[in-house]
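Throughout, protein chains are lettered first and strands after them, A, B, ... in sequence-line order, and every chain is numbered starting at 1.
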2 protein chains.
Amino acid sequence: MSFDLEGFLPYRLSVAATLVSRRFAALYGAEAGLTIPEWRVLAHLNRSGAVSVRDINVRVNLDKSIVSRAASRLEQAGLVRKAGHSGDRRLIALELTPKGQELMGRLGRIADAFQAELLAELGPDAAGLDRALDRLIARGV
Amino acid sequence: MSFDLEGFLPYRLSVAATLVSRRFAALYGAEAGLTIPEWRVLAHLNRSGAVSVRDINVRVNLDKSIVSRAASRLEQAGLVRKAGHSGDRRLIALELTPKGQELMGRLGRIADAFQAELLAELGPDAAGLDRALDRLIARGV
DNA sequence: TTGACATCGTTGCAATAGCAACGATAATCC
DNA sequence: GGATTATCGTTGCTATTGCAACGATGTCAA
């Protein structure tokens with residue numbers, strides 16, 4: 001039997017991820033014209049308070065150049081503030097502005113609603129998907 | 001409780017897909033320097049015989065410009081042949097050359113082995129993952 | 001100290017993706 | 001039949017990616 005692309009996990013994962021991302025982008029795109037890196041940076045800052053580019057780069061799986069550029073655009077838009085880290089002058093301290101916090105409040109609710117929608121679609125398979133993703137992500141890092 | 005990116009399905013899917021793709025690319029990269037679109041086109045042709053750009057574009061989730069350029073590179077490399085479709089002269093008929101078939105034979109075995117490795121890692125959650133991907137992909141198209 | 005090496009954030013650059021536009025051919029409608 | 005509309009594959013164009021290099025700062029050992 002020759003190889004079947006349609007049943008190949010890396011392919012299926014990639015297609016599913018693209019489709020789901022696109023659905024979500026359509027939701028938050030209406031609220032704020034963010035790119036995916038910008039969204040990830042914002043979402044991470046929403047949780048972790050002041051943090052460096054390197055931190056985000058590691059935790060959120062984005063090249064540091066992408067984080068750097070996303071942060072600049074977000075700063076331009078008044079959503080993020082860059083401050084010098086006290087102590088280590090190589091680091092910068094990124095944090096949300098009040099405007100950024102307010103936006104993330106709205107986006108967080110949209111994201112939570114979308115997550116609930118996905119879980120409902122998946123029904124009983126959601127748990128297996130979650131565990132599988134855990135393993136794949138843990139393995140890959 | 002504020003929004004948690006680490007638990008957000010679109011994010012987790014995207015990270016997992018990237019990691020798995022990277023692992024696989026490392027495997028076939030050693031065998032042949034193919035890009036992902038090139039690999040997908042090749043894998044699709046391996047199954048479906050002579051087929052048009054449009055066909056691949058639809059089935060394999062790649063923009064037709066990407067398919068077109070991938071096909072040109074593959075033709076350049078002697079892996080694929082472009083023929084005129086009889087009947088409808090807008091279409092072209094892409095098919096593997098013997099060299100392309102031979103390469104796909106090897107890559108297919110590598111891919112099957114990788115798939116087996118993934119399934120082993122996932123253990124009992126593989127089934128749930130598979131059903132979940134089915135749903136997400138079906139829903140998204 | 002001071003000199004070698006590591007790490008931070010930014011920037012430059014080549015390759016790619018994704019979209020729109022194009023010429024060529026088909027299909028459809030009057 | 002002729003005009004309009006749709007579809008095919010290709011190409012141009014712009015934004016984004018991902019990698020490498022850079023200057024600046026820190027660290028560590030002799």
What about the rings of A/Y28 and A/F114, do their centers lie closer together than 6.0 Å? no
Determine the contact category for A/D63: base if any of its heavy atoms lies under 4.0 Å from a base atom, sugar-phosphate if only primed atoms, P, OP1 or OP2 are that close, otherwise nothing. base
Contact class for A/G84 vs. all strands (heavy atom < 4.0 Å): base, sugar-phosphate, or nothing? nothing
To the nearest 0.5 Å, tell me how far [X] [atom1] sits from [Y] [atom2].
{"X": "A/R81", "Y": "A/E75", "atom1": "CZ", "atom2": "CD", "result": "10.0 Å"}
{"X": "B/L107", "Y": "A/F3", "atom1": "CG", "atom2": "CZ", "result": "9.0 Å"}
{"X": "B/L96", "Y": "B/L103", "atom1": "CG", "atom2": "CG", "result": "9.0 Å"}

With a 6.0 Å cut-off (strictly less than), is the heavy-atom count around CZ of A/R106, excluding the residue itself, greater than 12? yes
Comparing B/L62 with A/D55, nearest DNA chain C nucleotide closer to 5' gives the residue A/D55
Partners of A/D4 by side chain to side chain contact (heavy atoms under 4.5 Å, CB included), sequence neighbours excluded? A/E6, B/R47
For DNA chain D, what residues of residues 65-81 of chain A have any heavy atom nearer than 4.0 Å? A/S65, A/I66, A/R69
Shoot me the first and last contacting nucleotide of DNA chain C against chain B, ordered 5' to 3', at under 4.0 angstrom to non-hydrogen atoms. C/dT16 to C/dA26
Any donor-acceptor pair under 3.5 Å from A/R12 side chain to B/D130 backbone: yes
Partner of A/L45 under side-chain contact (heavy atoms from CB on, under 4.5 Å), picked from A/D55, A/L94, A/L79, A/L74, is A/L94
Does A/R89 have a side-chain nitrogen or oxygen under 4.0 Å from the phosphate oxygens OP1 or OP2 of D/dT25? no
Ranking A/D88 and A/K64 by the position along DNA chain D of their nearest nucleotide, the one closer to 5' is A/K64
